[in-house]
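First up is the structure itself, then whatever we jot down about it.
When reading the values below, keep in mind they use all heavy atoms of this one structure, side chains included, and skip hydrogens, waters and symmetry mates. Counting begins at 1 with the first residue of the sequence.
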Amino acid sequence: MKHCGIDVEVKNKPELDPEFIPLFKFNEAFLKTAKAEFSVAIEKDDKQINVISTFIHGDEAHREADRYYVDRLVKTALWQIGGYKIHLKGDDNICSWLKAAYSKGGSRAFDADFYGMLYDQNFEVVQCEKLPDAYEIREPRGGHFDGCRIGADFGGSDYKVSALVDGEVIYSNETVWNPKLNDDPSYHYNGIISAFREAKEKLPRVDAVGISSAGLVGNNRVLYAQLYQMVPKDRFKAEVRDIWSRAVREVCGDVPFAVLNDGDITALAGSINLKKKNMLGIAMGTSVAGGYVDKNGYVSNWLSELAFIPLDASPKAAMDVWTEDIGVGVSYFCQEAVVKLAPAAGISLDEHSTPAKKLKVVQNLLADGHEGAAAVFRSIGVYLGHSAVLYNSLFDGASSILLLGRVMSGKGGDIILETANFVLKDEYPNVSVELLLPDEQTRRLGQSVVAASLPKITEQK
């Protein structure tokens, strides 16, 4: 296969998506002949700076490939790390081109506007002779199971709640809801309130509340989440930004609480339950969430938004309707991936049904022995095998990847895991990364239980 003039060899291809080009494979082939130094620094809040040093070709013959490589590199860094200012050092042509891409009307205008809004800053791309020094914050979180705790996990299709007493789960339940379809913040608030009350009724008292949520989280507040995509901007700021603190106070009073992105909770689940570090967690449900626990057991404060990190270099890759970019994770590792692949497998789905219900249809067909349904999950397994190597390279050589979420439930999850492991062994024998699939109960309810361990009870005033 050839892309932007770069030859890319791929042995294992998804049977329902033969045009798939693993981005890791493209990057690997590109860097074999790239010799010109090029560096990127991502600046975000709290004076944090992440520096990436790489190579490009820097000649006219490779201009298209250089632009594509740097475009994907910066896109990946933004959605992996977060930030509002990009510092560039290297080829003048590539720097100027990238600056235009992140300007109004440019190919990455969405990303520039989004991150400017997220951090309440004017998004900038600047070229410089010397990059700022790297500075990053990581800290231990979670693992507190003393006392009476509530843990909740709020996703796009359902919310899960658990009640714990000294680490023992005495109650867990899952409730269907549709936050992405509701524009009234009271719908979301009432759902959160209901979850907390449901768990509170099972406890003698509430000492702490821990929350896992889809979307971007900062300082226990909602920065952005598609859960609230229908809520008007003015009402979002007034009624959603601090929705968790209001709900905790109403139901539980002045108890300590903490909130993390559901991907971070996935990583913590692996670190705590499996006693492992250097672990990436991936939650495959309504969307794709990621989180990383490093070699010291610390959770990165990176965004780890795997849903929008590129992984497919094919120019025919599926487009994400929100960011209007192609080849990003949301089309490969969640309910949307199943829906995308179903037609190629000869499966017709009700266009008016929810993604969760469509996934259930395909899972039911799989249980009945439908070969097309099996092909859907095998194809996702091929995606995962190739992308696990990409994630290993991005997250400090993550040695383990924990897989959770609806898509990984049941027989489909087993097929995904088996296929991904085959791809890893067959195509990347020198890469050491372990894919982990917990038992069924942990797959579905583990995040709410781990979320309960976030706050320290000693923090109570």
Side-chain angles (χ1 to χ4, degrees), residues 39-52 67-89 94-128 131-132 134-137 213-229 231 233-234 236-237 240-241 259-264 287-292 300-311 319-330 394-395:
S39 301
V40 179
I42 309 292
E43 181 176 348
K44 59 184 297 188
D45 52 346
D46 299 327
K47 299 181 180 179
Q48 292 191 78
I49 304 286
N50 292 84
V51 178
I52 303 165
R67 288 179 174 180
Y68 180 81
Y69 173 77
V70 173
D71 174 83
R72 299 289 81 181
L73 177 74
V74 173
K75 170 84 175 189
T76 296
L78 272 180
W79 291 95
Q80 179 188 6
I81 299 167
Y84 56 81
K85 190 171 185 178
I86 309 296
H87 304 260
L88 304 174
K89 181 184 177 184
I94 296 300
C95 290
S96 296
W97 177 83
L98 196 67
K99 186 173 183 178
Y102 281 89
S103 300
K104 185 176 181 179
S107 58
R108 296 290 163 254
F110 175 92
D111 302 78
D113 291 343
F114 177 78
Y115 280 96
M117 175 274 296
L118 193 69
Y119 292 102
D120 197 22
Q121 299 276 350
N122 291 323
F123 190 91
E124 295 182 83
V125 178
V126 297
Q127 185 177 3
C128 52
L131 294 180
Y135 174 69
E136 186 180 358
I137 299 172
S213 175
L216 306 182
V217 176
N219 298 319
N220 294 333
R221 307 175 78 206
V222 183
L223 296 181
Y224 180 83
Q226 288 186 299
L227 299 179
Y228 312 102
Q229 63 185 10
V231 177
K233 290 184 179 180
D234 57 337
F236 177 87
K237 291 183 178 179
V240 174
R241 187 75 77 186
V259 188
L260 280 183
N261 172 275
D262 51 0
D264 289 324
S287 185
V288 188
Y292 176 62
S300 170
N301 68 348
W302 293 348
L303 298 183
S304 301
E305 275 293 305
L306 299 185
F308 308 109
I309 290 178
L311 56 85
M319 176 178 284
D320 166 47
V321 296
W322 183 53
T323 63
E324 296 186 350
D325 196 4
I326 65 173
V328 298
V330 72
L394 293 176
F395 290 91

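The OH atom of Y292 lies 13.0 Å from the CG atom of L306; values are rounded to the nearest 0.5 Å. Interatomic distance, S213 OG to D262 CG, rounded to the nearest 0.5 Å: 6.5 Å.
When every heavy atom of T323 is checked against every heavy atom of D320, the shortest pair comes out as OG1-OD2, 2.6 Å. A225 and G215 make their closest contact through CB-CA, 3.7 Å (heavy atoms, listed as atom of the first residue, atom of the second, distance). V51 and P132 get closest at one heavy-atom pair: CG2-O, 3.7 Å. The shortest non-hydrogen separation linking V330 to V288 is CA-CG2, 4.1 Å. The nearest pair of heavy atoms linking L227 to A214 is CD1-O, 3.9 Å. Listed here is the closest heavy atom pair of L311 and G329: CD2-CA, 3.6 Å.
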Just distance, no hydrogens or angles: give the donor-acceptor pairs under 3.5 Å from side chains in residues 77-87, sequence neighbours left out.
unit_1: W79; atom_1: NE1; unit_2: D111; atom_2: OD2; d: 2.7
unit_1: Q80; atom_1: NE2; unit_2: L394; atom_2: O; d: 3.1
unit_1: H87; atom_1: NE2; unit_2: E43; atom_2: OE1; d: 2.9

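Side-chain contact between Q229 and W322: absent, with no pair of heavy atoms (C-beta onward) separated by less than 4.5 Å. Side-chain atoms of Y115 and I42, non-hydrogen and from C-beta on, never get closer than 4.5 Å to each other. Using a 4.5 Å cut-off on side-chain heavy atoms (C-beta onward), F110 and E324 make no contact. Between F114 and L216 there is a side-chain heavy-atom pair separated by less than 4.5 Å. Residues W302 and N50 form a side-chain contact, since some pair of their non-hydrogen atoms from C-beta on lies under 4.5 Å apart.
When the salt bridge (charged side-chain N to carboxylate O under 4.0 Å, His left out) test is applied to R72, the partners found at least two apart in sequence or on another chain are D325. Contacts of R221 classified as side-chain contact (heavy atoms from CB on, under 4.5 Å), with partners at least two apart in sequence or in another chain: R241, D242. Partners of Y68 under the ring-ring contact (aromatic ring centres under 6.0 Å, His included) rule, at least two apart in sequence or in another chain, are H3, F26. With sequence neighbours left out, N261 forms a side-chain contact (heavy atoms from CB on, under 4.5 Å) with D264, A289, E305.
Annotation: salt bridge (charged side-chain N to carboxylate O under 4.0 Å, His left out) contacts involving residues 113-122, sequence neighbours excluded, are absent.
Between Y102 and F123, the ring planes are parallel. Angles under 30° get that label, and only those over 60° would be called perpendicular.
Under a cut-off of 6.0 angstrom, the local environment of CG in D234 is crowded, with over 12 non-hydrogen atoms contributed by other residues, nucleotides or ligands.
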